[in-house]
There are 2 protein chains.
Amino acid sequence: MDDLAEILELDDAGNPLQGRIVQIFQVACRLFAHRGFDGVSMRDIAAECGISKATLYHYFPGKDSILRPLAMGTTKSIFLHVQKYDDPTAPPLVRLRVFLVESANFFEKFRWAWIASSTAFWSDPKVRARKERIAWRDKYEQLLRDILQAGVDRGEIRVDDVRLAGRFVLSTINWMARWFDPDGPLTAAQVGDQFCNMIVNGIGAAQRPAPKEAVAQD
Amino acid sequence: MDDLAEILELDDAGNPLQGRIVQIFQVACRLFAHRGFDGVSMRDIAAECGISKATLYHYFPGKDSILRPLAMGTTKSIFLHVQKYDDPTAPPLVRLRVFLVESANFFEKFRWAWIASSTAFWSDPKVRARKERIAWRDKYEQLLRDILQAGVDRGEIRVDDVRLAGRFVLSTINWMARWFDPDGPLTAAQVGDQFCNMIVNGIGAAQRPAPKEAVAQD
DNA sequence: CGATACTGACCGGACGGTCGGTCGGCTTTC
DNA sequence: GAAAGCCGACCGACCGTCCGGTCAGTATCG
């Protein structure tokens, strides 16, 4: 189960979140991930938590206010997580690998929150906490672009369009939410690592060294 | 506007679909793509078509029966479309490029149907015409894997795991639905083409020839 | 005692879906 | 050729259900 307390904001007084609130977040984001925001009713959440719907409203003023911290916390935390592991002085290809592997690690650890958060983004383009959330998302994407640009500047990465290349890289991570099976043979980090190999070296076999030699492995 | 008549099944008598039915499909899939299946009511669809809700039910027995042919038609048609352009005797790297570019072309032409269809798949994993639809989806993915495997067998593609590589390739196409702007500077086909460059050659600049030389260009 | 956790009953409204019926155009019949 | 029969397109009104959300009240606890 995702340890959501790590990625959720503290309450107004700065105290850690109460158990019941964390439970509601956990239940809600698991349900949102499976059935989508509109497919989950407040009754469902309350029942799954073993409390009445009125009690749910005792803790949350509305349905949106359950989703918003989830989406916000996830979007903000993945940036902070990846940034924490990024060493701007390291070789760009190493930074790129760290970016991918740590994004995958975050995805695996907070899988339900990630999925709930991305479907939320998708299902409702109008009002749900867009601005601040998009700002964090942009920082995340910008970090990737910075890495790519650094690689281009150093002559270690060759792309025509850094923005397009950034979307190319993010596609592979973002789409994992649709098919990744935690019980499958590979961990998310292993998938991120292999994706990085393909991103950096390509899958073509034209005259070039074997993938292992092209970039540092851990 | 998507020309949905191309990808939708004919009626029971084999006649082309009536204008009103096509209109309903077009309106519905545009709305589904924007707000999600659950975010669109039958009233919305009827109002957008300029008819009453009762008339809508005159043509369709239920809400699901609007979505199902859309999702089915899209999933089936993209396979048929890509297969039509695939030449199994061509070099695998050329076939891969055709696969990507034609997938992108299909996406651009039937953008709303594609998006509506993929959100539908997502929002409800239970009953909505799963079996047959998944069968077409599998054929589409299998065609890509066949291309990759052919490349591996000929020594023109180097991957550890064809299935994982297939997901890698599909990620880039599937995620386009989330960011592609038809009014942007690139056509979908151009994006697919550039993605193919990155997939085949990688973005690393390690000692290897320039992308243009590594694979045939049209 | 007051504050907090909690509840069942309830509300207005939107949902998917149904029903009885109107209307204009096309056949059929004499 | 016109009356009769028919049919598909269409509509307003309505149904039961479930939604998000509210509220008065109770149990518990420091």
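Each chain gets a letter, A, B and so on, in the order the sequences are listed, and its residues count up from 1.
Under the ring-ring contact (aromatic ring centres under 6.0 Å, His included) test applied with B:Phe110, the options B:Trp112, B:Phe106, B:Trp114, B:Phe107 reduce to a single match, B:Phe106. A side chain to side chain contact (heavy atoms under 4.5 Å, CB included) with A:Phe25 is found for one member of A:Val22, A:Ile21, A:Val27 and no other, namely A:Ile21.
Applying the salt bridge (charged side-chain N to carboxylate O under 4.0 Å, His left out) rule to B:Glu48 yields the partners B:Arg30; only residues at least two apart in sequence or on another chain are considered. Partners of B:Asp161 according to the salt bridge (charged side-chain N to carboxylate O under 4.0 Å, His left out) rule, which considers only residues two or more places apart in sequence or in another chain, do not exist here. Residues satisfying the salt bridge (charged side-chain N to carboxylate O under 4.0 Å, His left out) criterion with B:Arg163, sequence neighbours excluded, are absent altogether.
Contact between the side-chain N/O atoms of B:Thr55 and the OP1/OP2 oxygens of D:dC10 is not found at any separation under 4.0 Å.
Between B:Phe168 and A:Phe168, the ring-plane angle classifies as perpendicular under the 30° and 60° cut-offs. Ring geometry for B:Trp175 against A:Trp175 counts as perpendicular: the plane angle is over 60°, on a 0 to 90° scale with 30° as the lower cut.
Side-chain atoms of A:Ser117 and A:Arg133 include a donor-acceptor pair closer than 3.5 Å.
Atom CD1 in B:Ile24 sits about 10 Å away from atom P in D:dA9, given to the nearest Å. The nearest whole Å value for the distance from the CD1 atom in A:Ile45 to the C1' atom in D:dC18 is 15 Å.
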Letter per nucleotide, 5' to 3', of nucleotides 19-24 of chain D [B base touched, S only sugar-phosphate touched, - untouched; heavy atoms, 4.0 Å]: BBBBB-
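Within the helix from C:dC1-D:dG30 to C:dC30-D:dG1, the inter-axis angle between the opening and closing five-pair segments is 10°, rounded to 10°.
Remark: B:Arg95 does not engage B:Asp87 in a salt bridge, criterion side-chain N to carboxylate O under 4.0 Å.
Proximity of B:Phe99 to B:Tyr140: side-chain heavy atoms (C-beta onward) are separated by under 4.5 Å at one or more points.
Heavy-atom contacts of chain A under 4.0 Å fall on DNA chain C between two terminal nucleotides, which in 5' to 3' order are C:dA5 to C:dG8.
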